[in-house]
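Have a look at the structure below, then the notes.
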Amino acid sequence: MISDATPLSAPTLEGTDDDQLLRVSLGPQHPSTHGVFRMNVVLDGETVVRLKPVFGYLHRNHEKIAEGGPYLHAMPYTDRLDYICPLTNNWAYALSVEKLAGIEVPERAEYMRVILAELTRLINHTAFMGFILGDMGAWGSALMYAFREREKILDLFEDLTGARMMANFMRFGGCRYDLPEGWIGQVSRIIDDYGPFLDEMEQLLIGNEILLARAQDVGQLPPEQLVNGGVTGPMLRAAGISYDLRKVEPYGIYDRFDFRIPLGEKGDCYDRIMIRFLEMRESLKILRQAIDALPEGDFINPKAKLRNFKPPVGDAYGRIEGPKGELGFHLISDGTTDPYRFRVRAPSFVNLTLLEDMCLGLDLADVVIILGSIDIVLGEVDR
């Protein structure tokens, strides 16, 4: 933490002298900010009275680049949004193009997408557990414990796509490759071992008095304010609101699977942590069902045209329940090979907009935990 050299316009605080306020800058190069992200904080003693997020340090012009080339040209760029979850990014974009052009997806490809998406959810939430403990000061063993399990799934992704993170795997109408021989057997073994890992991790956390003291009753907001702010994903469900696109607007073949939507009560940082534990257990249920029902057949629609692809004039919005919340792509076509408009609805960015409201009146030390509980990736915040 360093004193901010640039003065902030102080808020109007009844009964508080302006010269008694302390202005502090967290970031942009600070371990607590999960990337190149800055928070300008105004403090009255240790109490947060104002917090201004500063975005843009990782801006890469994603949307305008996508409008400057063919539709398929944008697929590898989606990997770089939430770079922890490239395969769900791929799916959301492919789904948008398929809606725009009326492309059907074969059964086998639909099951492959579900399997990859739920493995991605496991990766994201597992990494989250390691990072949130790090935010509380437990850097090292907890993070490595989580990354050990994440590594096993990344090995699977590398076997399938050729890359651990920048997968570039989905295609309009299906997937780039079929599953290699023996790959599903590897998935089965990993998910069989994942339950005991979650049991151990949960035991490590659920009764940890440091975690309870730092996370309970911290960062709460009324459910109505979360809804009005557009918050989605685990943050919204931690506040008791049953909103999950896999249920309320099923895409792909999610309506075929038996799973529940875990809900919290208070919507504090502790509930946000526990919701992700419960969601991982539901992902394991979906994975087992998808593996058992995986059909033979095409991994991509043989009639889908990828070269010189020109969807009809119109627009479409495709959205999925990504690990961090609703990820959507709004596309407008003018009938040419390039998108006329390409816009991303990124959950990390939208969920971050209520950060100040969550932090007001709390201590500076709580800010780090609240930010970590949102689970952002700067790749999709700034784009």
Side-chain angles (χ1 to χ4, degrees), residues 48 51 118 121-122 124-136 138 142 146 195 197-249 254 257-286 321-326 347-348 350-363 365-376:
V48 177
L51 187 150
E118 295 309 315
R121 203 176 311 276
L122 290 178
N124 182 85
H125 290 356
T126 301
F128 167 86
M129 295 303 167
F131 284 128
I132 195 69
L133 285 176
D135 291 335
M136 297 180 191
F197 160 72
L198 291 179
D199 292 340
E200 290 179 352
M201 195 67 160
E202 191 170 345
Q203 186 176 10
L204 175 67
L205 293 180
I206 197 168
N208 186 306
E209 62 184 37
I210 296 176
L211 183 139
L212 295 175
R214 297 295 306 277
Q216 285 187 330
D217 300 320
V218 172
Q220 295 170 263
L221 285 179
E224 299 79 11
Q225 188 172 357
L226 294 172
V227 172
N228 291 337
V231 171
T232 56
M235 280 190 62
L236 187 63
R237 293 188 287 273
I241 298 177
S242 183
Y243 183 82
D244 186 314
L245 290 173
R246 295 172 297 172
K247 286 286 191 181
V248 301
E249 191 180 294
Y254 272 111
F257 302 114
D258 177 28
F259 65 101
R260 69 185 186 94
I261 306 301
L263 300 177
E265 295 179 357
K266 293 183 177 180
D268 57 7
C269 290
Y270 185 77
D271 277 359
R272 293 171 196 159
I273 294 170
M274 298 312 299
I275 280 294
R276 289 175 170 96
F277 268 118
L278 297 173
E279 288 192 359
M280 284 192 279
R281 297 190 187 279
E282 296 305 308
S283 290
L284 293 177
K285 287 169 57 177
I286 295 171
E321 186 63 42
K324 294 175 172 65
E326 179 182 326
S348 287
V350 178
N351 293 351
L352 194 56
T353 57
L354 293 182
L355 176 62
E356 180 181 37
D357 300 271
M358 298 178 202
C359 296
L360 291 177
L362 299 178
D363 290 342
D366 295 325
V367 171
V368 175
I369 310 302
I370 294 169
L371 177 65
S373 75
I374 299 174
D375 189 19
I376 64 168

* Asked: Looking at residues at least two apart in the chain, or sitting in another chain, which of them share a salt bridge (charged side-chain N to carboxylate O under 4.0 Å, His left out) with D357?
  -> none
* To do: Assess the side chains of D375 and N124: does a donor N or O sit below 3.5 Å from an acceptor N or O?
  => yes
* To do: Show your reasoning for whether side chain to side chain contact (heavy atoms under 4.5 Å, CB included) applies to E326 and E249.
  => CA-CA 11 Å; E326 179 182 326; E249 191 180 294; over 6 Å; no
Calculate, to the nearest 0.5 Å, the distance between atoms [atom1] and [atom2] belonging to [X] and [Y] respectively.
X	Y	atom1	atom2	value
L221	L236	CG	CG	11.5 Å
L226	I241	CG	CD1	6.0 Å
F277	M201	CZ	CE	6.0 Å
S283	L278	OG	CG	11.0 Å
R237	I261	CZ	CD1	6.0 Å
M358	L352	CE	CG	8.0 Å

Between the side chains of [Y] and [X], is the shortest nitrogen-to-carboxylate-oxygen separation below 4.0 Å, so that they form an ion pair?
X	Y	value
R281	E202	yes
E279	R276	no
K266	D217	yes

* Structure fact -> Minimal heavy-atom distance between G325 and P234, with the atoms involved, is N-CD, 4.4 Å
Using a 4.5 Å cut-off on heavy atoms from C-beta on, say whether the side chain of [Y] contacts that of [X].
X	Y	answer
E282	R246	no
R121	E321	yes
K247	S242	no
L360	L51	no
Y243	V227	no
K324	F128	no
P323	H125	yes
V350	T232	no

Do the side chain of [X] and the main chain of [Y] share a donor and acceptor less than 3.5 angstrom apart?
X	Y	answer
K285	F257	no
D271	E265	yes
R214	D366	no
N351	M235	no

* To do: Kindly determine whether V218 and I370 satisfy side chain to side chain contact (heavy atoms under 4.5 Å, CB included), including the steps that lead there.
  => CA-CA 7 Å; V218 172; I370 294 169; 3.7 Å; yes
* To do: Any chance you could lay out the side chain to side chain contact (heavy atoms under 4.5 Å, CB included) test for L198 and L284, step after step, and finish with the verdict?
  => CA-CA 11 Å; L198 291 179; L284 293 177; 4.1 Å; yes
* To do: May I have the step-by-step check of side chain to side chain contact (heavy atoms under 4.5 Å, CB included) for L211 and L133, ending in yes or no?
  => CA-CA 8 Å; L211 183 139; L133 285 176; 4.0 Å; yes
